[in-house]
Amino acid sequence: MQSSLLNVNSDFIQSLVYNERDQLLHWYLKIKRTLPWRAAYGTTPNAYHVLVSEFMLQQTTVQTVIPYFERFIKRFPTVEALAAAPLDEVYVLWQGLGYYSRAKNLHRACQQLCEMDYFPKDVPTLKTLAGVGDYTSAAVSAIAFDQPIMPIDGNVMRVMARLFMLNQPKGPKLHAETLHYIDLFVGQTNNTYVAQAIMELGALVCKPKKPLCNQCPLAEKCRAFNNNAVEQFPKVLPKPIKPKRVATTFIIENKHGRILIVKRPAKGLFSNMYIFPTTCFDFDPRLLMQLTHLKQLQKTIRHVFSHFDLELTVIFAKTTHNLEGEWVLPDDLGRYGMPTLMHKIWR
Ligand code: SF4
């Protein structure tokens, strides 16, 4: 169990423990989606597949992840294969998924697993892997190894907030409150299915807007539903306004028709990836003195990061100088690990 229960030992809770968990399980086994990382009922999940999928699914939808996951597993079928691959190649297969620190961490985590020489199933050991925090460790532990723990993500918090009418606002406070209630769904066995069932319920039925309560296996016991208050949960605090940054990206061509890209340092945004020289990313202003034929793109490019919004002006330029970086033919840009933003600019 993850924590002791709060003072919630009512008949309602008892009946939930004994009845609703089973009901949820039956519902899940009937409706569950076939996903490439999901083991068929009664078969042993592949822990590596679960780990890769959990990294990819962070801040990314299932539909987006499916083709990436399939390509990734085809190229790196095992922990060992991924650990031995050059990071640049991992980035190329991650291109378009965004949040590239996940690719770097996943790569490092597989190297750590090779050093351990086994796949740990307990949360504390899983959390020693790069990029594996509370959620991913609990997800791998429950889904891959059927351990008695329930991962908590946004979907799970929403389901719990409505089911029990939890009053804490979305965020760390609701997470802390959910920790107590999620224990109700932990059992001796079948945790692998129940964990996925709650996630599936949040994704397919208990959706953020217009939840399909008439299809919900927990509707009879759902406090928000029975109090006609579904839309009021989870409670939401007003969003803080994100800072806005402006910058300029230079698409620089040499006399051979090659384009300049530069590699980002190992730490920070877009670490180890290739970008066009851009003023907000370690830009050397002396470069401006070496450009000719400057031409500005009419429209600006906007991109949303988790902690700021970026507005980019794009300038095309030529140079006769051998500027530092990689000079790449336009058709070869796809071979370099470049963030989605750079592809957006190039398009
Ligand atoms: S009854 Fe509706 S609000 Fe309650 S858990 Fe089910 S889908 Fe969510």
Side-chain angles (χ1 to χ4, degrees), residues 1-3 5-35 38 41 54 57-63 134-135 138-139 142-143 148-187 190-239:
M1 296 276 175
Q2 293 165 66
S3 62
L5 284 175
L6 288 178
N7 186 20
V8 289
N9 287 323
S10 63
D11 290 347
F12 166 74
I13 296 300
Q14 289 304 319
S15 68
L16 182 64
V17 176
Y18 296 119
N19 301 326
E20 306 303 287
R21 186 178 187 269
D22 279 353
Q23 221 161 312
L24 183 64
L25 193 55
H26 289 143
W27 169 82
Y28 171 69
L29 294 177
K30 224 164 41 189
I31 65 92
K32 77 186 179 79
R33 291 172 288 180
T34 302
L35 300 174
R38 190 172 265 174
Y41 179 65
E54 289 301 334
L57 287 164
Q58 290 163 22
Q59 278 119 0
T60 313
T61 64
V62 166
Q63 286 317 313
D134 289 340
Y135 172 75
I143 297 172
I149 189 158
M150 289 291 141
I152 300 173
D153 66 356
N155 281 341
V156 174
M157 278 192 266
R158 185 171 59 254
V159 172
M160 293 297 129
R162 288 171 175 168
L163 197 54
F164 299 105
M165 286 175 67
L166 305 182
N167 275 311
Q168 294 295 349
K170 263 168 97 173
K173 287 186 176 170
L174 179 58
H175 187 276
E177 206 176 9
T178 301
L179 263 176
H180 296 287
Y181 288 87
I182 199 75
D183 266 356
L184 299 168
F185 293 90
V186 174
N190 287 329
N191 293 301
T192 179
Y193 302 121
V194 174
Q196 293 176 84
I198 301 175
M199 292 173 179
E200 202 81 325
L201 187 70
L204 302 181
V205 176
C206 195
K207 299 192 280 192
K209 285 184 186 150
K210 299 194 178 145
L212 310 171
C213 299
N214 56 352
Q215 297 175 26
C216 178
L218 303 179
E220 225 177 279
K221 295 283 164 53
C222 177
R223 286 180 170 174
F225 178 62
N226 290 307
N227 284 285
N228 209 14
V230 171
E231 303 296 339
Q232 295 167 36
F233 294 90
K235 304 280 184 201
V236 186
L237 289 178
K239 269 192 184 167

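Indexing begins at 1, ligand by ligand and atom by atom, following the structure's order.
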Between the side chains of Gln58 and Tyr135, does any donor sit under 3.5 Å from an acceptor? no

Asn226 versus Arg223, side-chain donor and acceptor atoms under 3.5 Å: no

Basic-acidic side-chain contact under 4.0 Å: Lys32, Glu200: no

Phe185 to Val194 - nearest heavy-atom pair and separation: O-CG1, 3.6 Å

Which atoms of ligand 1 sit under 4.0 Å from any heavy atom of [X]?
{"X": "Arg162", "answer": "3 (S)"}
{"X": "Val230", "answer": "3 (S)"}
{"X": "Ala219", "answer": "1 (S)"}
{"X": "Phe225", "answer": "1 (S)"}

Closer than 2.8 Å to atom 4 (Fe) of ligand 1: does that hold for any N, O or S atom in Cys216? no

I need the nearest protein heavy-atom contact for [atom]: residue, atom name and distance, please.
{"atom": "atom 4 (Fe) of ligand 1", "answer": "Cys222 SG, 2.3 Å"}
{"atom": "atom 8 (Fe) of ligand 1", "answer": "Cys206 SG, 2.4 Å"}
{"atom": "atom 2 (Fe) of ligand 1", "answer": "Cys213 SG, 2.3 Å"}

Whether Asn227 side chain and Ala229 backbone form a donor-acceptor pair below 3.5 Å: no

Exam field: side chain His26 to backbone Asp22, donor-acceptor pair closer than 3.5 Å: yes

Under a 4.0 Å heavy-atom limit, does Leu218 contact ligand 1 with its side chain, its backbone, both, or neither? neither

Given ring pair (Phe, Tyr, Trp, His ring centres under 6.0 Å), test Phe164 with Phe233 step by step and report yes or no. CA-CA 10 Å; Phe164 299 105; Phe233 294 90; over 10 Å; no

